[in-house]
Amino acid sequence: QVQLQESGGGLVQTGGSLRLSCVVSGRTFSRSYMAWFRQAPGKDREFVASINKIGGNAAYATSSVKSRFTISRDSARNTLYLQINNLKPEDTGVYYCAAKETPYDTSSTYYTANAFDHWGQGTQVTVSS
């Protein structure tokens, strides 16, 4: 059974930084396209960033996200990361990592939640103003 476990969330002030981690159990990580989503209170889950199974093709939701967020992965540690700098109150929400098994594909980009096969439980990020 594939398990994804996020960590690294917390309460930070506006302008602060966090690095979120997502550890993936088993052999799924090396053949999976990975992504971060977030869900703000009262809102739908939304795409944040994604990366293909070999660490390329990084995609971000908006120009604001792209300028402050960096998605990366470490195959030796089976871990996905999201570095967030210059945090803003609108970044508040639960951040989820997601995996889509793509053993033969490195060129496609996926943005919608229903495209992903496995999900973590989420880690809370709260940004105070």
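- The stretch residues 19-103 participates, sequence neighbours left out, in these disulfide bond (SG atoms under 2.5 Å apart) pairs: C22-C97.
- With hydrophobic clusters built from ILVMFWY side chains whose heavy atoms lie under 4.5 angstrom apart, Y96 shares a cluster with Y111.
- Listed by first then second residue, pairs satisfying side chain to side chain donor-acceptor pair (under 3.5 Å) with a partner in residues 80-89 read S17-N85, Q83-N85, not counting sequence neighbours.
- In this structure, the side chain of N78 engages the main chain of G26 through a donor-acceptor pair within 3.5 Å.
- Residues Y33 and F116 have side chains in contact (heavy-atom distance under 4.5 Å, counting atoms from C-beta outward).
- One finds the OG1 atom of T28 at 12.5 Å from the NZ atom of K53 (value rounded to the nearest 0.5 Å).
- A distance of 7.5 Å separates CG in N57 from OG1 in T106, rounded to the nearest 0.5 Å.
- Side-chain contact between R77 and V23 is absent, with no heavy-atom pair separated by less than 4.5 Å.
- Nearest approach of F37 to T112, heavy atoms of both residues: CZ-C, 3.9 Å.
- Taking CZ from R19 and OG1 from T70, the interatomic distance works out to 11.5 Å, rounded to the nearest 0.5 Å.
- Taking every heavy atom of both residues into account, R68 and D91 meet most closely at NH1-OD2, 2.7 Å.
- With sequence neighbours left out, S32 forms a side chain to side chain donor-acceptor pair (under 3.5 Å) with no residue at all.
- Through chains of ILVMFWY side-chain contacts below 4.5 Å, V2 is grouped with L4, V12, L18, L20, V24, F29, M34, W36, V48, I51, Y60, V65, F69, I71, L80, L82, I84, L87, Y95, V125, V127.
- I54 belongs to no multi-residue hydrophobic cluster, having no ILVMFWY side-chain contact under 4.5 Å with any other such residue.
- Counting non-hydrogen atoms of neighbouring residues, nucleotides and ligands closer than 6.0 angstrom, the CD atom of Q13 reaches no more than 12 such neighbours.
- Residue pairs meeting the side chain to side chain donor-acceptor pair (under 3.5 Å) criterion with at least one member in residues 120-129, sequence neighbours excluded: Q124-T126.
- Interatomic distance, Q39 CD to E46 CD, rounded to the nearest 0.5 Å: 9.5 Å.
- S21 has its side chain within reach of S7: a pair of non-hydrogen atoms, C-beta onward, lies under 4.5 Å apart.
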